[in-house]
Amino acid sequence: MNRKLRRLIAPGVVVALVLAFVVVRQSSGDDEPARTSAAGEGAKSARGFLEPPALAAKVAAGKLPPIDQRLPEKPFTVGEGTLLQKEQMDWQDGRYGGTLKGSATFPTGWVNIAGGATILRSPSQSTGVSAPNIVSDFSHSDDYKTFKFTIRKGLRWSDGVPLTTDDVRFAFEDMYQDKEVQLPWPTELFTQGDAKLGPAKLKVVDKYSFELKFSKPYGYFIADLNSWIPYYNILFKPAHYLKQFHKKYAKPAELAALVKKNRRANWVQLITYKDVAHWDVGAPQALGLPTLNAWVLTQSTENRSVYDRNPYFWHVDRSGHQLPYVDQVVIDRVVDADALTNAVLAGQVSLASGGEVSLNKMPVYKQNAARSKFRVFTTKSFNNPLLMFLNQDYQYQNPASAWQKLMSDPAHRFSKAVAAAVDTEGISKSVYFGLYQKLGPEWQGHDPGLAKQLLDEVGMNRTDGKGFRLGPDGRPFVFRLTHAAGSPDFDPVAELLKEQLQQVGIKVEIERVEGTLFDQWKAANQIMASMAWNDGPAWASGISEDYLPTSKGPWSPATWTYFTSNGKEGRKPPANMQKFYELATARKAFPPESPEGKKLYDELMTWLRENYAFIPTAGVRVTPNIVDTRLRNVPKEGAPYELDTYINAEAMWFADE
């Protein structure tokens, strides 16, 4: 049958489907745990589970149901190869207890990544093999237009209220489609991520089952269901909690009081304030919000966010432990990256990775490791190295401006010149101890002679009295490089880029701004050139697609506005940019790791390179990971992604000294 549904089958059974894309259900919790108690732990329940000691008093007092009643009919069982690929981590069933400590410059820290509540679950950052996670059953039509879901029966929000299709219906009907609320549709819910093709249509079948139907094939949606970036709350919102803030359900007097208490202008502002995005789960407004995460926010102050274990989290190991193993996460606020480094060196952090640590701090990390009882190891990265972005839309309303003349050159000679001026190997050696690997041959190499030739050709062959090149209009030209320092390497890389570009005659000014101001300038199209990282190694799997024109460094924000607003705002894409949007949309028809998806991805990456959407400043990234010496179930040295350290946090446990 052409349109028959391909179904994920029972966990633990591996089925090879010879189709354009394979979705295989891994061990996902339908197996009951073995009924043998671990040494030193209490007796197992009738279903074979172990009550976390941190919750035992509440259970005994009748304030919390026993574990058998808190877990769904079929929990999600974790083990080797479930959360991370088995070759990247040596799995051990753990034990309960302890506190994970972190430091961050923002309230959430890394907990938004470590929630564990994606709709489907793939090990590491892959999507080729997916297991139902929040859902117990998932299937799609052969043409990738219809997707069917069944929520795990008995799965509950962190306050004990069952998760049902009412939570999906509320998201669609009372948030996205409500004429007053008009919460923007997540890009992932538009067919092929394209607003012109319209959002998914929801069909609620019963209390636990629902369908989403798209107007065109949308195989890429499988990756979105696996990704922690859109996360579960694009589909599931705690209706029982949010209804108190919605005009349709709340009593007028009570709603007015809540609006006043929360200092919002009206109820629409209130409900969007309380519908906290997962990257803000540590912010004060997230207190009281029911969650599906492994830990629940219980304290949020100016200086600290505290998360306690979710008593209803539905992941278990094969020994019967309900995850997470660790009872609490504490994230202390710090003012900047230097203060974060000091917290790490003082032994105040259980784990740190990603943008929180940098290779240029490696010597000091290693010097303090033994004293502060942490170990340092390197992995590859979820991110590209720092990249330079040239904004093709800057000053687009004035086509005669020097910048627009440079950006509209069909041969991209100015962008090629900038790329040729950048010495990626030199920056790798100077800032990253030579540990960053060389870029592949597909990237243009360092060639100052070529840079000078191209700049002459593009009309920048005249100089001022200081030897800096004038613009093609004969006026002084300044290349403004803007960045919001997200990690300690931003500043030294920016200074080296300035030096290298000025060696070929381009005058450079560096603007270091706060993240909020950077975002404001980006939204207003006020950035000429910028520097940022993005999630390049995860693009092929579809976990991230922040190659988009304004995701990190803006390289065409005005055409993106045009694309997402159906032409109501922004800049109509020039012909070469229109090709990008066609490729980016065509890719969405297929699962990213299918043969068709891989082919289209390669075409898209070729376009990005040939059109200089971004320019690497260094080689392939390597990242330090700082981990408490007692922590187990952490990635191995050399693993593909540093953020897997966080994504796997629910599985970490503390061994003895």
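Please read all numbers here as calculations on a predicted model, not as lab measurements.
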Q.
Tell me if the centroids of the rings in F414 and W403 come within less than 6.0 Å of each other.
A.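 Ring centroids of F414 and W403 are less than 6.0 Å from each other.
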Q) When the ring planes of F614 and W539 are compared, do they come out parallel, tilted or perpendicular, using 30° and 60° as the limits? A)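 Rings of F614 and W539: tilted, as their planes differ by 30° to 60°.
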Q. Relative to the ring of F214, is the ring of Y218 parallel (under 30°), tilted (30 to 60°) or perpendicular (over 60°)?
A.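 Aromatic pair Y218/F214 classed perpendicular.
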Donor-acceptor pair, distance only, cut-off 3.5 Å: does the side chain of [X] make one with the backbone of [Y]?
| X | Y | answer |
| --- | --- | --- |
| R587 | P592 | no |
| Y646 | N112 | no |
| D206 | Y208 | yes |
| S124 | Q85 | yes |
| N525 | A558 | no |
| T164 | D166 | yes |
| K196 | G567 | no |
| Q182 | M175 | no |
| E211 | K203 | no |
| S227 | A223 | no |

Q.
Do L497 and I427 have side chains that approach each other closer than 4.5 Å (heavy atoms only, starting at C-beta)?
A.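 Touching, per the 4.5 Å side-chain cut-off.
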(Q) Could you check whether any side-chain heavy atom of K552 comes within less than 4.5 Å of a side-chain heavy atom of L387, counting everything from C-beta outward? (A)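 Side-chain contact under 4.5 Å: no.
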Would one find more than 12 heavy atoms of other residues, nucleotides or ligands at under 6.0 Å from atom [atom1] of [X]?
| X | atom1 | value |
| --- | --- | --- |
| K86 | NZ | no |
| E442 | CD | yes |
| W279 | CH2 | no |
| K636 | NZ | yes |

Q. Considering residues at least two apart in sequence or located in another chain, which fulfil the side chain to side chain donor-acceptor pair (under 3.5 Å) criterion with T559?
A.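 Per chain and number, T559 pairs via side chain to side chain donor-acceptor pair (under 3.5 Å) with S556, Y581.
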Q) With D409, which residues qualify under side chain to side chain donor-acceptor pair (under 3.5 Å), at least two apart? A)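 R413.
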Q) Is any side-chain N of the basic residue among E610 and K579 closer than 4.0 Å to the acidic one's carboxylate O? A)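 Looking at E610 and K579, the cut-off is not met.
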Q. Are the charged groups of D275 and K237 less than 4.0 angstrom apart, N to O?
A.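 Looking at K237 together with D275, the answer is yes, because their closest N to O distance falls below 4.0 Å.
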Q: Begin with the C-alpha distance, continue with both residues' side-chain angles, and end with the deciding distance and a verdict on side chain to side chain donor-acceptor pair (under 3.5 Å) for S541 and Q125.
A: CA-CA 7 Å; S541 71; Q125 307 289 344; over 6 Å; no
Q: Begin with the C-alpha distance, continue with both residues' side-chain angles, and end with the deciding distance and a verdict on ring-ring contact (aromatic ring centres under 6.0 Å, His included) for W228 and Y641.
A: CA-CA 14 Å; W228 50 267; Y641 305 104; over 10 Å; no
Q: Let me know which of F580, Y547, Y612 forms a ring pair (Phe, Tyr, Trp, His ring centres under 6.0 Å) with W555.
A: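 Per the ring pair (Phe, Tyr, Trp, His ring centres under 6.0 Å) rule, the option paired with W555 is F580, out of F580, Y547, Y612.
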Q: Carefully, step by step, assess E642 and N383 under the rule side chain to side chain contact (heavy atoms under 4.5 Å, CB included).
A: CA-CA 9 Å; E642 84 280 22; N383 303 129; 3.5 Å; yes
Q: Please determine which of N625, T623, T379 meets the side-chain hydrogen bond (donor to acceptor under 3.5 Å, both in side chains) test together with S353.
A: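 Exactly one candidate clears the test, N625.
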Q. Does the ring-ring contact (aromatic ring centres under 6.0 Å, His included) test come out yes or no for W185 and Y176, once each step is laid out?
A. CA-CA 6 Å; W185 284 94; Y176 304 139; 4.8 Å; yes
Q) side chain to side chain donor-acceptor pair (under 3.5 Å) between S530 and T482: does it pass, once the steps are laid out? A) CA-CA 5 Å; S530 60; T482 307; over 6 Å; no
Please name the pair of heavy atoms, one in [X] and one in [Y], separated by the smallest distance, quoted to 0.1 Å.
| X | Y | value |
| --- | --- | --- |
| D535 | D546 | N-OD1, 3.0 Å |
| Y432 | D489 | OH-OD2, 2.7 Å |
| P385 | R621 | N-CB, 4.2 Å |
| S122 | V129 | OG-O, 2.9 Å |
| Y436 | G619 | CD2-O, 3.3 Å |
| A651 | L323 | CA-CD2, 4.1 Å |

Q: Tell me, with the steps shown, if Y232 and D167 meet side chain to side chain contact (heavy atoms under 4.5 Å, CB included).
A: CA-CA 11 Å; Y232 73 79; D167 299 304; over 6 Å; no
How far does [atom1] of [X] sit from [atom2] of [Y], to the nearest 0.5 angstrom?
| X | Y | atom1 | atom2 | value |
| --- | --- | --- | --- | --- |
| N633 | W91 | CG | CH2 | 4.5 Å |
| T617 | D423 | OG1 | CG | 11.0 Å |
| I647 | F382 | CD1 | CZ | 6.5 Å |

(Q) Less than 6.0 angstrom from the centroid, inside 45 degrees of the normal: does K588 satisfy that with respect to the ring of Y220? (A)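 The answer is yes, since K588 meets both limits relative to Y220.
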Q) Yes or no on side chain to side chain contact (heavy atoms under 4.5 Å, CB included) for N391 and M407, after CA distance, side-chain angles and deciding distance? A) CA-CA 8 Å; N391 183 359; M407 291 296 102; over 6 Å; no
Q) Under the side chain to side chain contact (heavy atoms under 4.5 Å, CB included) criterion, do H140 and F221 qualify, and how do the steps go? A) CA-CA 10 Å; H140 59 78; F221 188 53; over 6 Å; no
Q.
Looking only at the side chains, is there a donor atom on one of D393 and Y562 sitting less than 3.5 Å from an acceptor on the other?
A.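 Side chains of D393 and Y562: no pair found under 3.5 Å.
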Q | From CA spacing to verdict: ring-ring contact (aromatic ring centres under 6.0 Å, His included), F563, W560 | A | CA-CA 5 Å; F563 178 74; W560 177 250; 5.6 Å; yes
Q.
For a side chain to side chain donor-acceptor pair (under 3.5 Å) check, start with the C-alpha distance between W314 and N133, then their side-chain angles and the critical distance, and finish with the verdict.
A. CA-CA 9 Å; W314 69 100; N133 190 11; 3.3 Å; yes
